[in-house]
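Positions are given from 1 along the sequence.
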Amino acid sequence: MADLGRRRARAQAGGGPCWALPALLLLVGSSAEAGAACEPFSHRISNLAVSGGRVLVASGPCVYVLRETTPAPCATAPLYCVNRKDAVNKLLLPYAEEEGGRLITCWTQPDGICYRGSLEGPYPNGTMPPENEIMDHFISCSPGDSSVGKMFYRSPDWFLAVASSISKDAPDNCTNVEPGSTLYILRENEIRVEEKNSLTACETPYFMDIFLWGGHLFFPYYHFSDRSIAPKMLIIREAYLRLPDNQTDEATLPYNQAFLRCANKSRILSSSQLSLPEDRAFWIGIFTSGEEPRTPTSTALCLFDLKQVLNDARGCHLGDICRDLANCHCGSEEIPDV
């Protein structure tokens, strides 16, 4: 059972079929076997995703598609590029494979912009046309900031969930940005985010992941600027997204939270979710103290039973993604349960 669990954990972390791992190793390794006709990627690889029989690679301002039949990881003609050579991809989200495949991508430049397009193209001159833009200022325009996203289907709509942080050290080429963190959830074809479908924090939580389980969306994060605060799991019920026109009594998206305490560590290095039979699931996190240099005792791995995480968060609403338990209101009947 332990070996099975480890295999499942590795598959969950990889996010794709077994063949994707050798492809990934080839991408970051030598291209000697590719021959003279195969050019390596000219920019650092910033993102990878798997969709059906394809590996999507974001390198520099471009997206490339590798298939199972690709003989070598060659930087052939990209699927498309954005019109900024300094752009870095932050989100690479393929979805709707049964409908031919669609793709949402978000880039640091210009101004944290996101696009929606087809996985097959074609794109005129290999460039994403302006009409495919979803919105700008949607994610951070700083390559070092946190941006995580998830596409998920709940009949009859596809939803996009995004959590992004903006640090105080935003580059000079970022415009109209203020430090903080924002979490959005919107339908695929929406071009603006209603306030009631978003959360904003004045601090800078560093979001590590988004995943779904048991009718809830989970957002593990830690406080980048304060090592004294334990990491947390922010939780949102999917039911809030399926109410007619999202009508709730809340001004913003209702949520709950639970602390993720692991050997007194304050930062999350890695996040993975493991689903088991009989409606059981675990969240697996690798934590660190944030101290340099790292030592064998500066990191720790902890497993959290998601049912217990939900139970810990029940009735506990950390009102402003708050800093400590003193600001929490637990057990109040006025606060929505997860």
Self-check item: Set of residues satisfying ring-ring contact (aromatic ring centres under 6.0 Å, His included) with respect to Y206, sequence neighbours excluded
Solution: Y222, F224
Self-check item: Short side-chain to backbone donor-acceptor contact, N132 and R116, under 3.5 Å
Solution: yes
Quiz item: Roughly how far, to the nearest 0.5 Å, is CD1 of I134 from CD1 of I113?
Solution: 9.5 Å
Quiz prompt | Min side-chain heavy-atom separation N47-V88 under 4.5 Å | solution = no
Quiz item: Could you walk me through whether T105 and Y80 pass the side chain to side chain donor-acceptor pair (under 3.5 Å) check?
Solution: CA-CA 11 Å; T105 58; Y80 74 83; 2.4 Å; yes
Quiz item: Looking only at heavy atoms, which two atoms of E238 and H216 are closest? And how far apart?
Solution: OE2-N, 3.7 Å
Quiz item: Under the side-chain contact (heavy atoms from CB on, under 4.5 Å) test, which residues partner S289, sequence neighbours left out?
Solution: K265, E291, S298
Exercise. Give a yes or no answer on whether the side chain of S59 reaches the backbone of H43 with a donor-acceptor pair at less than 3.5 Å.
Key: yes
Practice problem: Please report the shortest heavy-atom distance between G149 and L91, naming the atom on each side. | Solution: N-CD2, 3.3 Å
Practice problem: Indicate yes or no for a side-chain donor-acceptor contact from E97 to the backbone of G52 under 3.5 Å, with no hydrogens or angles considered. | Solution: yes
Exercise. Using the test ring-ring contact (aromatic ring centres under 6.0 Å, His included), find all partners of F219 that sit at least two apart in sequence or belong to another chain.
Key: none
Quiz item: When the ring centroid of F218 is compared with that of W283, is the distance short of 6.0 Å?
Solution: no
Quiz item: Nearest heavy-atom pair of S140 and S165: which atoms, and what distance?
Solution: CB-O, 3.0 Å
Quiz item: When you check the side-chain N and O atoms of S146 and Y221, is any donor under 3.5 Å from an acceptor?
Solution: no
Self-check item: R102/E120 salt bridge by N-O under 4.0 Å criterion
Solution: no
Practice problem: Return the minimal non-hydrogen interatomic distance between M208 and L269, and the atom names on each side. | Solution: CE-O, 3.5 Å
Quiz item: Any chain of hydrophobic side-chain contacts (each under 4.5 Å) joining I236 to I210?
Solution: yes
Practice problem: Run through P129, P78, C81 and flag the one making a side chain to side chain contact (heavy atoms under 4.5 Å, CB included) with Y123. | Solution: P129
Quiz item: When you measure from the side chain of S266 to the backbone N and O of S228, does any donor-acceptor pair fall under 3.5 Å?
Solution: no
Quiz item: Side-chain contact, heavy-atom cut-off 4.5 Å: V57 with L66?
Solution: yes
Exercise. Could you tell me whether D305 and K307 make a salt bridge, using a distance below 4.0 angstrom between a side-chain N and a carboxylate O?
Key: no
Quiz item: What heavy-atom pair brings V82 and A87 nearest, and what distance separates the two atoms?
Solution: CG2-CB, 3.6 Å
Exercise. Give a yes or no answer on whether the side chain of K90 reaches the backbone of S46 with a donor-acceptor pair at less than 3.5 Å.
Key: no
Quiz item: Short question: side chain of N125, backbone of T127 - any donor-acceptor pair under 3.5 Å?
Solution: no
Quiz prompt | Where N256 and A313 come nearest, the two heavy atoms and their spacing | solution = ND2-O, 3.4 Å
